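Since the structure comes first, as structure tokens, the remarks are kept for the end.
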Amino acid sequence: MLVSHDERVPIARLLTFLEHGERMAHDCAKAQAALTEDSGTRRFLLSQAKQEALHARVFQGAIAWLAPKHLRDAPFLPALEEYRRILDDALARRDLMETLLAEQVVLEGLGEAILTRIEQGLVKRAAPFGPLRRLLLKQEEAHHGFGRRQIERAIERGETDPESLRRWAQHYLALTDAMVLTLCDLFESIDEDARAWARDVRTFLPDWCSP
């Protein structure tokens, strides 16, 4: 794999951030499955939880290969912890719509945006495991699409409304912006623009999330 020595630690740190995001997604999808009475929705969420756990293990393996000393690092990202806190609050309130917005739409959108960017860089570096990387990206796309469809059906049934969704989305998006911008030094070290990465997540959002 044509990753330079100087790029190994910053890329490992980025993967550590993704690994923690996958663990949060796993916990959330598992908890969401207990909130729904629809068997098809429950099956999808339990399947998603398994896939998120696998993604976290894949990222761990990549970190171990790139920079073994950083394998057990925990990213110091107050915005990530705040995101987890308000998502847990929504789960405790059994507010499935807010959790679908926060996890499947916004967080999976961020994951999809980052993985798409990483994929472009890894292709340029002739990195191995292309089929596995593409499978992860395809699963992230499926989780994101599932959340969007669930919410759009809820809007049609009158169970939620775009104004409430936009208000929630702006709060969660402010935290994803803060997460990415906190990692500015990391992006600069691999010659990437953190603000462009933060903007990318909005390209994956539905119109009803726009201000």
Side-chain angles (χ1 to χ4, degrees), residues 1 11-36 38-66 71 75 80 83-84 87 90-91 96-125 127-154 169 172-173 175-176 179-180 183 197-198 200-206 209:
M1 180 177 175
I11 291 176
R13 284 180 56 204
L14 179 57
L15 293 178
T16 299
F17 166 58
L18 290 174
E19 180 202 344
H20 281 255
E22 297 291 355
R23 293 190 187 286
M24 182 162 62
H26 163 267
D27 294 344
C28 180
K30 193 173 176 181
Q32 286 172 314
L35 298 183
T36 179
D38 180 74
S39 59
T41 301
R42 189 181 308 115
R43 274 197 305 276
F44 183 94
L45 291 167
L46 290 174
S47 172
Q48 180 186 344
K50 289 179 183 175
Q51 290 171 358
E52 304 292 8
L54 175 62
H55 296 178
R57 288 198 294 275
V58 169
F59 290 135
Q60 261 198 337
I63 295 163
W65 182 77
L66 282 165
L71 182 58
L80 178 63
Y83 201 103
R84 188 194 310 277
L87 180 54
L91 287 167
L96 185 58
M97 280 305 113
E98 182 175 338
T99 67
L100 286 166
L101 175 73
E103 207 298 300
Q104 278 80 8
V105 177
V106 176
L107 196 63
E108 295 289 332
L110 175 65
E112 191 176 343
I114 289 177
L115 286 176
T116 300
R117 282 252 178 189
I118 289 177
E119 178 63 16
Q120 292 167 355
L122 292 179
V123 167
K124 283 193 294 186
R125 292 169 172 81
F129 308 117
L132 178 60
R133 298 197 314 266
R134 287 190 288 276
L135 175 63
L136 261 61
L137 186 53
K138 188 174 178 181
Q139 289 176 346
E140 296 290 331
E141 290 170 353
H143 303 159
H144 180 69
F146 169 81
R148 289 179 59 150
R149 289 191 298 277
Q150 289 286 315
I151 290 178
E152 284 161 5
R153 289 171 188 159
Y172 285 107
L173 285 167
L175 291 171
T176 60
M179 290 178 211
V180 175
L183 298 169
W197 286 56
D200 271 5
V201 66
R202 284 163 171 73
T203 66
F204 290 88
L205 295 179
C209 270

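FYI, side chains are in, hydrogens and waters are out, and symmetry mates aren't considered; it's all heavy atoms of this structure. Fair warning: this is a prediction, and the values are worked out from it, not measured in the lab.
- Heavy-atom minimum distance, Thr36 versus Asp38: OG1-N, 3.1 Å.
- If you run side-chain hydrogen bond (donor to acceptor under 3.5 Å, both in side chains) between His55 and each of Gln139, Gln60, Glu19, only Gln139 comes through.
- Closest heavy-atom contact between Leu205 and Arg148: C-NH1, 3.9 Å.
- The heavy-atom pair separating Gly147 from Gln104 by the smallest distance is CA-CB, 3.6 Å.
- Here the side chains of His144 and Val105 are in contact, with some heavy-atom distance below 4.5 Å.
- No side-chain heavy atom of Arg134 sits less than 4.5 Å from a side-chain heavy atom of Lys138.
- Distance check: Leu96 CG to Leu45 CG gives 7.5 Å after rounding to the nearest 0.5 Å.
- The distance from atom CE of Met97 to atom CG of Leu35, rounded to the nearest 0.5 Å, is 10.5 Å.
- For the salt bridge (charged side-chain N to carboxylate O under 4.0 Å, His left out) test, residues two or more places apart in sequence or in another chain that qualify with Arg84 are Glu81.
- For Gln32 and Gln48, the side-chain atoms include no donor-acceptor pair closer than 3.5 Å.
- Here the closest non-hydrogen pair linking His26 and Ala49 is CD2-O, 3.0 Å.
- Arg153 places a side-chain heavy atom less than 4.5 Å from the side chain of Arg149.
- Of the options Gln51, Glu112, Glu103, a side-chain hydrogen bond (donor to acceptor under 3.5 Å, both in side chains) to His143 is made by Gln51 and by none of the others.
- Taking 4.5 Å as the limit, every side-chain heavy atom of Lys50 sits out of range of all side-chain heavy atoms of Leu46.
- Between the CD atom of Glu108 and the CG atom of Leu100 there is a distance of 11.0 Å, given to the nearest 0.5 Å.
- Considering all non-hydrogen atoms of both residues, Leu101 and Ala169 come closest at CD2-N, 3.6 Å.
- Evaluation of the salt bridge (charged side-chain N to carboxylate O under 4.0 Å, His left out) rule for Glu52 yields no partner, not counting sequence neighbours.
- Rounding to the nearest 0.5 Å places CD of Gln150 at 10.0 Å from OG1 of Thr99.
- Put simply, the side chain of Ser47 never gets that close to the backbone of Arg43: no donor and acceptor are under 3.5 Å apart.
- Side-chain contact check for Phe59 versus Leu136: some heavy-atom pair is nearer than 4.5 Å.
- Minimum heavy-atom separation, Gly21 to Leu107: O-CD2, 4.2 Å.
- Two residues are said to be in side-chain contact when any heavy atoms from C-beta on lie closer than 4.5 Å; Val180 and Leu110 meet this criterion.
- Taking the side chain as every heavy atom from C-beta outward, Tyr172 and Glu98 approach each other to under 4.5 Å.
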